[in-house]
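This report refers to the structure that appears directly beneath it.
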Amino acid sequence: MPGLFVSFEGGEGSGKSTQITRLATRLQALGHDPLVTREPGGTPLAESIRGLLLQAAPAPGPMTEVLLMIAARSDLVSTTIRPALAAGRVVLCDRYTDSTLAYQGAGRGLESSMLVQWNRAATQGLTPGLTLLFDVSPELGLARRARAAGTANRLDLEPEAFHDRVRARYLELAEAEPERFVVLDAALSPEQLETAVWAAVALRLAPATGARSVV
Ligand code: TYD
């Protein structure tokens, strides 16, 4: 596929949403037509699933939660991300498969090999060319979230130990795939982060061979 697929990952309050907006603006100024999307969500069907997932009650159990995430992902990838990449567009996705490995795997304790298989089924092996991991301590991230009143979702309310496990798993995933991941210190200023994000994206934009398939 000719487009570039960039996923944004990180814990709560890592500032990744701000960076997605800034990157999209920069790409547009350069004449690109980026597709900005998010998970869970990004299509009418997946946004409905998002509502079920993030509402306070009734809360799904861990297995129902992951199956809803996977269902939402399958719809987003097939109807939106693949066509955009096929048209040569840059796709910026706020969360993707690594969120499932970190939150449902490390956070909820579901078996990682099962999640890897389900991710593969939902995406048909579509892996980002670049994953930007906004690494933030749960302490700082949750404090930022608390300041942004009214933005806490059901998963934000999990105990700090849950968010510690999520962070640790993200860092393990990044270590295992250094070519795909760029780890950013989310405690940096928005301007510093914007510069680092652009450096990583610009490197991969030139050849524009970002999306690769894993069999
Ligand atoms: P959102 O409010 O978009 O959080 P953030 O701004 O931190 O991205 O809510 C998405 C929530 O869904 C977030 O808490 C992480 C969670 N999530 C999973 O647990 N598993 C997944 O596979 C995905 C995509 C998200």
Side-chain angles (χ1 to χ4, degrees), residues 5-23 36-43 45-56 59-77 80-81 91-112 114-123 126-128 131-170 173 184 186 190 193:
F5 182 16
V6 185
S7 63
F8 291 70
E9 296 282 359
E12 316 301 324
S14 64
K16 63 186 163 48
S17 305
T18 305
Q19 295 301 326
I20 293 174
T21 307
R22 289 188 181 205
L23 176 58
V36 178
T37 189
R38 68 172 179 183
E39 278 215 64
T43 69
L45 181 62
E47 288 290 330
S48 299
I49 295 175
R50 179 186 177 89
L52 296 174
L53 275 163
L54 299 185
Q55 68 194 6
M63 193 56 85
T64 307
E65 180 179 83
V66 71
L67 289 167
L68 288 171
M69 295 284 181
I70 293 292
R73 177 162 305 135
S74 171
D75 190 57
L76 177 68
V77 169
T80 307
I81 296 182
V91 174
L92 309 180
C93 194
D94 190 346
R95 300 192 176 280
Y96 191 58
T97 48
D98 300 300
S99 282
T100 303
L101 302 179
Y103 283 80
Q104 280 66 50
R108 299 279 187 232
L110 296 180
E111 198 202 330
S112 132
M114 174 184 82
L115 301 180
V116 167
Q117 279 188 31
W118 287 354
N119 270 338
R120 195 170 292 154
T123 63
L126 182 71
T127 304
T131 296
L132 296 166
L133 173 57
F134 291 75
D135 178 51
V136 66
S137 72
E139 212 181 353
L140 175 61
L142 294 171
R144 280 182 182 163
R145 262 293 146 87
R147 278 199 297 277
T151 59
N153 67 48
R154 189 173 56 79
L155 285 110
D156 293 342
L157 303 175
E158 289 294 330
E160 200 163 317
F162 175 98
H163 295 286
D164 283 335
R165 292 196 298 277
V166 168
R167 182 192 195 188
R169 180 62 58 88
Y170 266 136
L173 292 168
L184 302 165
L193 279 171

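None of these values were measured; they are calculated from a predicted model. Remember, it's 1-based here, ligands and their atoms both numbered in the order they're listed.
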Please determine if Ser17 has a nitrogen or oxygen closer than 3.5 Å to a nitrogen or oxygen of ligand 1. no
When you measure from atom 21 (C) of ligand 1 to each heavy atom in Glu39, Glu9, Met69, which option holds the nearest one? Met69
Nearest-option assignment for atom 1 (P) of ligand 1, heavy atoms, candidates Glu65, Arg50, His163: Arg50
Using a 4.0 Å cut-off to any heavy atom of Pro40, which atoms of ligand 1 qualify? 12 (O), 24 (C), 25 (C)
Regarding Asp98 and Ser7, is there a side-chain donor-to-acceptor distance under 3.5 Å anywhere? no
Taking atom 7 (O) of ligand 1 as the point of reference, which of Arg38, Arg95, Arg108 owns the nearest heavy atom? Arg95
Among Asp156, Val166, Asn153, closest by any non-hydrogen atom to atom 11 (C) of ligand 1: Asn153
Would you check, one step at a time, whether the test side chain to side chain donor-acceptor pair (under 3.5 Å) holds for Thr127 with Tyr96? CA-CA 9 Å; Thr127 304; Tyr96 191 58; over 6 Å; no
For ligand 1, does Arg145 get within less than 4.0 Å through its side chain, its backbone, both, or neither, judged by non-hydrogen atoms? side chain
Classify the ring geometry between Phe8 and Phe134 as parallel (under 30°), tilted (30 to 60°) or perpendicular (over 60°). parallel
Under a 4.0 Å heavy-atom limit, does Leu54 contact ligand 1 with its side chain, its backbone, both, or neither? side chain
If you measure only the distance, is there a donor-acceptor pair under 3.5 Å linking the side chains of Thr80 and Thr43? no
Going by the closest heavy atom to atom 24 (C) of ligand 1, which one wins out of Arg73, Lys16, Glu12? Arg73
Does atom CD of Gln117 have more than 12 heavy-atom neighbours from other groups under 6.0 Å away? no
